[in-house]
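Notes for the one structure printed next.
Atoms considered below: every heavy atom in the structure, side chains included; atoms not considered: hydrogens, waters and symmetry mates.
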Amino acid sequence: MNHFESISAFNQATGMKPPEHPMFSILSANKDDYWAGDFEFMADFYIIGFKKLVSGSVLYGKTKYDHDLGTMSFFKPRQKVTFKDVHLEEACFLILVHEDYLSGSVLHNEIKKYHYFDYDINEALHLSPSEEETIWTLMQNMNKELHNNTDAFSQTIILSHLGTLLKYAERFYKRQFINRAEITGAIATRFNEMLAAYFAGDEAHKSGLPTVSALAEKLHLSPRYLSDLLRQETGKTALELIHLYLIAEAKNLLKGTGLNINEISSVLGFENPNYFSRLFKRTVGLTPHVFRQQSLN
């Protein structure tokens, strides 16, 4: 597998012209461009892409991005990416941003806060026509600045446009969470059903606490995307919902059974009773023992 430390090496391997700047590049491809076979690589730079495909696929990690509409994909450094027999339907672009280009700027830390760089499965960003226009305008502004005579303001202006593009992507993802809620099948409902099924049997006692990663895998979503989608639907992350479910189950067991605290902790899947007690007190404001005593009075 190729590992590109520089944008120049990536451009050369893909048959593109050398970049205008060694740490920032915008690559364009046109309708009917075709990359045959498997092109698998890792890179030391961020990749932001817009594309529509006639056929083929793009994989991030081990899973495919969904390309039925105009989509944007976001890849962070040192993640495995694979292009498989990609045949483009319309013009597309790739923005390549080396980590070092962000050093000393606000974006150096800010870009790490955008969760969509961790959406490593089939949830690319689907754009409406007006959203496409916004993204293309920002890309063209960066490209224009990139090809101007470089001066002391060039990098600041390019990063300003890039920061705006990333903020729009965040906004458009929030819109997608809302608009595609019916398609995703009311994830919050399915998530809670899975938790109920997990605790209905002896799974928690045998396997321990349910994890966000395991539940996300069953829903065919990445953990990060699942948490963001649940936050949009419920105001709570996946881990927060798991904790709330655990506390509800714990309250039921404290009120309705004679199990001691250690036994309840074990039934719920906690390896450490002290962790159970700390979580319960942090959430409820009382220790399990005090809660039980008050419930009996």
Side-chain angles (χ1 to χ4, degrees), residues 61-63 112-123 170 173-174 176-297:
K62 298 181 179 179
T63 48
K112 298 170 186 176
K113 298 177 183 178
Y114 291 115
H115 295 172
Y116 44 75
F117 280 101
D118 289 314
Y119 295 170
D120 56 357
I121 47 111
N122 65 333
E123 288 296 349
E170 182 86 345
Y173 256 117
K174 288 187 180 298
Q176 178 167 304
F177 289 150
I178 296 170
N179 290 354
R180 291 167 68 87
E182 184 176 342
I183 298 174
T184 58
I187 292 297
T189 299
R190 293 167 62 192
F191 185 81
N192 284 318
E193 288 173 350
M194 289 168 57
L195 284 176
Y198 191 86
F199 288 104
D202 198 31
E203 189 66 27
H205 184 63
K206 292 188 299 183
S207 305
L209 296 173
T211 65
V212 176
S213 295
L215 294 170
E217 185 176 355
K218 290 181 179 180
L219 290 166
H220 307 294
L221 299 171
S222 69
R224 181 72 80 174
Y225 190 90
L226 173 61
S227 279
D228 288 348
L229 186 56
L230 289 171
R231 187 190 290 276
Q232 180 67 38
E233 290 188 12
T234 69
K236 304 289 185 182
T237 66
L239 184 59
E240 288 171 334
L241 290 173
I242 290 174
H243 284 170
L244 288 174
Y245 199 96
L246 284 167
I247 296 305
E249 290 294 300
K251 286 179 177 179
N252 181 59
L253 292 171
L254 286 165
K255 288 181 178 181
T257 73
L259 296 175
N260 63 41
I261 306 301
N262 286 354
E263 289 170 335
I264 290 174
S265 171
S266 178
V267 166
L268 293 175
F270 287 88
E271 292 184 5
N272 187 336
N274 290 331
Y275 174 47
F276 164 64
S277 294
R278 289 197 304 272
L279 176 64
F280 191 94
K281 184 175 181 180
R282 186 171 71 242
T283 306
V284 181
L286 303 170
T287 66
H289 177 73
V290 173
F291 177 83
R292 170 174 270 172
Q293 290 298 115
Q294 289 189 359
S295 300
L296 294 175
N297 294 332

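To the nearest 0.5 Å, atoms CD1 (I247) and CZ (F291) are separated by 9.5 Å. Annotation: the span from I242 atom CD1 to M194 atom CE amounts to 9.0 Å, rounded to 0.5 Å. Interatomic distance, OG1 of T283 versus CD of E240, reported as 10.0 Å (0.5 Å rounding). Between the CZ atom in R190 and the CG atom in L230 there is a gap of 11.0 Å [rounded to 0.5 Å]. Expressed to the nearest 0.5 Å, how far CG of N274 lies from CG of L279 amounts to 12.5 Å. Put simply, NZ on K281 and NE2 on H289 are 12.5 Å apart, with the number rounded to the nearest 0.5 Å.
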Item to check | side-chain contact (heavy atoms from CB on, under 4.5 Å) between F276 and I261, worked out | outcome: CA-CA 9 Å; F276 164 64; I261 306 301; 3.9 Å; yes
Checklist entry - Would Y198 and Y245 count as a ring-ring contact (aromatic ring centres under 6.0 Å, His included) if you check the C-alpha gap in whole Å, the side-chain angles of each, and the deciding distance to 0.1 Å? => result CA-CA 11 Å; Y198 191 86; Y245 199 96; 9.7 Å; no
Checklist entry - Going through the distances and angles, do L215 and L195 end up as a side-chain contact (heavy atoms from CB on, under 4.5 Å)? => result CA-CA 9 Å; L215 294 170; L195 284 176; 3.9 Å; yes
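When side chains are defined from C-beta on, V267 does not count as touching F199, because their heavy atoms never get closer than 4.5 Å. Side-chain contact between I264 and P288: absent, with no pair of heavy atoms (C-beta onward) separated by less than 4.5 Å. Residues F280 and T287 form no side-chain contact, since every pair of their non-hydrogen atoms from C-beta on lies 4.5 Å or further apart. Counting heavy atoms from C-beta on, the side chains of Q232 and D228 never come closer than 4.5 Å.
In this pair, Y225 and Y173 present their aromatic rings perpendicular. The plane angle is above 60°, beyond the 30 to 60° band.
Listed here is the closest heavy atom pair of A238 and F191: O-CZ, 3.7 Å. Of all non-hydrogen atoms in L254 and R292, the two that sit nearest each other are O-NE, 3.0 Å.
A distance-only check finds a donor-acceptor pair linking the side chain of E263 to the backbone of N260 [under 3.5 Å].
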